[in-house]
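One structure is given here, and the rest of the page talks about it.
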Amino acid sequence: MPPAKKYELNNSVILRIMRYAAGNSKGSGGGHRPLLAVCRRWRLVLLGYLCSEYTIYFKPSNRVIEGVYPLWSATKIENDPGSAAFGYVNKVRIEVDYNDIFDGTVVHAMLYNLNDAFFFPAAKTMSILIEQTASNVPEDIANDNDSQARILVRHIHRMAPAIQNMHVQYYAYNNVYSHSTKDSLARLLTGLYYNKERSHLDIQYNDFFGCAEPYIAHNLTDIVCTLNISTCNYMLYLIQNSASSLISLKTTNVGTGKDVYMQLFISLYDKSIITYPRLEKLCFGATYEWDYNAPRPYLPNHAPFPRLKWLQLDSAYPFNDDILFRQNERTLEYLCIQPDMEILEVLDRTGTFSN
């Protein structure tokens, strides 16, 4: 066997070998322990897999930061390697509460408790989960929140200087009413996405954009969002502003009509027609409140998704023409739609699959 590098073997291959050595189908029975002790080469291979991900939890109650290797923990191996294996980490995940960012709790912990203890020189992907669970945002957050956001961004970039893929999930289970706090969150996202190859925003269950137009000074590549009555226009602004860079878009329609999807193609600024030249994956969904009897809009002579590869409709087809299929006959690889008679008639009439 040639010398094994850290990431030489595919993770699925490593997992199969671990399962075989463990003598079961789940790979958690202990077979990985002797593999770690076979030789230095095998140890490097196993560490490259087991330590490829690291999760950091910020605990608001006692201002403590905890970290764990989730794959290492899942295999029930004792003696966590700690910081000695940070060089193997390819993906870092951070989970933090919304208020703890802007009241300085997280910044305090990073400045005074960590002393640069977390450093991931090889990590290329970072995932940050920001949850806003408190019913009321403390009044004093607005006093200095912008500087707290900037300090946090600076620490994150120093923690993982090679990050190229930034994935932010923002879940607010209560309304956020403070304009200044919203502005600071927008600045935080702008700082996190700065100079990244992929910038993914997953924003759900919230009213973050309910009072002001979102301002994120960076074109996003991936968006997952809910389009509801209170946030629809503001999310559409965000989508339209990133039209030239979007690679993946997933929306769920909650309590709005089919015409909301037409607004993806008509600028909210000047009513011009919008094209998504890089979009490869498009997913539309709707809840039970979707009005199946509402008229389907149409937009003739426009091809908004010329490079589309993946189209998934978890709701009725929202248009009255073949707008989603124009000029992507050669690129479309995956198609999942609900086979209702109306859409079949539309696609037959327009000759979408005639070739």
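Quick caveat, the model's predicted, so the values are computed rather than measured. Values below: all heavy atoms of this structure, side chains included; hydrogens, waters and symmetry mates excluded.
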Rounded to the nearest 0.5 Å, how far apart are [atom1] of [X] and [atom2] of [Y]?
{"X": "Glu53", "Y": "Asn90", "atom1": "CD", "atom2": "CG", "answer": "8.5 Å"}
{"X": "Leu236", "Y": "Ser267", "atom1": "CG", "atom2": "OG", "answer": "11.0 Å"}
{"X": "Ile130", "Y": "Leu189", "atom1": "CD1", "atom2": "CG", "answer": "6.0 Å"}
{"X": "Asn253", "Y": "Cys225", "atom1": "CG", "atom2": "SG", "answer": "10.0 Å"}
{"X": "His200", "Y": "Ile247", "atom1": "NE2", "atom2": "CD1", "answer": "11.5 Å"}
{"X": "Thr221", "Y": "Tyr193", "atom1": "OG1", "atom2": "OH", "answer": "8.5 Å"}

* So Ile56 and Phe120, side-chain contact (heavy atoms from CB on, under 4.5 Å) or not? Walk me through it. -> CA-CA 12 Å; Ile56 302 172; Phe120 308 95; 4.1 Å; yes
Do [X] and [Y] have side chains that get closer than 4.5 Å, going by heavy atoms?
{"X": "Val96", "Y": "Leu152", "answer": "no"}
{"X": "Ile239", "Y": "Thr251", "answer": "yes"}
{"X": "Pro161", "Y": "Phe119", "answer": "yes"}
{"X": "Leu335", "Y": "Phe325", "answer": "yes"}
{"X": "Ile163", "Y": "His157", "answer": "no"}
{"X": "Asp222", "Y": "His167", "answer": "no"}

Looking only at heavy atoms, what is the nearest atom pair of [X] and [Y], with distance?
{"X": "Ala243", "Y": "Pro277", "value": "O-CD, 3.6 Å"}
{"X": "Ile203", "Y": "Met235", "value": "CG2-CE, 3.5 Å"}
{"X": "Tyr57", "Y": "Glu95", "value": "CE2-OE1, 3.4 Å"}
{"X": "Pro306", "Y": "Thr275", "value": "CD-CG2, 4.1 Å"}

* Check whether more than 12 heavy atoms from other residues, nucleotides or ligands sit under 6.0 Å from atom NZ of Lys124, and answer yes or no. =>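 Yes - once you tally the heavy atoms of other residues, nucleotides and ligands closer than 6.0 Å, there are more than 12.
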* **Lys196, NZ: over 12 other non-hydrogen atoms inside 6.0 angstrom** =>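 Yes, enclosed.
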* Asked: After noting the C-alpha distance and the side-chain angles of Tyr88 and Tyr69, does the key distance pass the ring-ring contact (aromatic ring centres under 6.0 Å, His included) rule?
  -> CA-CA 11 Å; Tyr88 294 95; Tyr69 295 95; 9.1 Å; no
* Between the side chain of Asp348 and the main-chain N/O of Leu344, is any donor-acceptor distance below 3.5 Å? -> no
* Taking only residues two or more places apart in sequence, or in another chain, which ones meet Thr331 in a side-chain contact (heavy atoms from CB on, under 4.5 Å)? -> Asn328
* Using 30° and 60° as the class limits, which term best fits the ring planes of Tyr276 and Phe265: parallel, tilted or perpendicular? ->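 Plane angle over 60°, so perpendicular.
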* Begin with the C-alpha distance, continue with both residues' side-chain angles, and end with the deciding distance and a verdict on side-chain contact (heavy atoms from CB on, under 4.5 Å) for Leu313 and Leu324. => CA-CA 11 Å; Leu313 300 178; Leu324 299 185; 4.2 Å; yes
With clusters defined by side-chain heavy atoms of hydrophobic residues (ILVMFWY) lying less than 4.5 Å apart, directly or transitively, does [Y] cluster with [X]?
{"X": "Tyr194", "Y": "Met159", "value": "no"}
{"X": "Val224", "Y": "Leu279", "value": "no"}
{"X": "Leu246", "Y": "Ile274", "value": "yes"}
{"X": "Leu332", "Y": "Trp310", "value": "no"}

* To do: Answer yes or no: is there an ion pair linking Arg326 with Asp321, defined by an N-O contact shorter than 4.0 Å?
  =>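 So Arg326 pairs with Asp321 through a salt bridge.
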* To do: Show your working on side-chain contact (heavy atoms from CB on, under 4.5 Å) between Phe284 and Leu264 and close with a plain yes or no.
  => CA-CA 12 Å; Phe284 285 154; Leu264 292 173; 3.7 Å; yes
* side-chain contact (heavy atoms from CB on, under 4.5 Å) evaluation trace for Leu188 with Val168 -> CA-CA 11 Å; Leu188 171 64; Val168 179; over 6 Å; no
* **Side chains of Arg93 and Thr55, donor plus acceptor under 3.5 Å** =>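 No, Thr55 and Arg93 have no side-chain donor paired with an acceptor closer than 3.5 Å.
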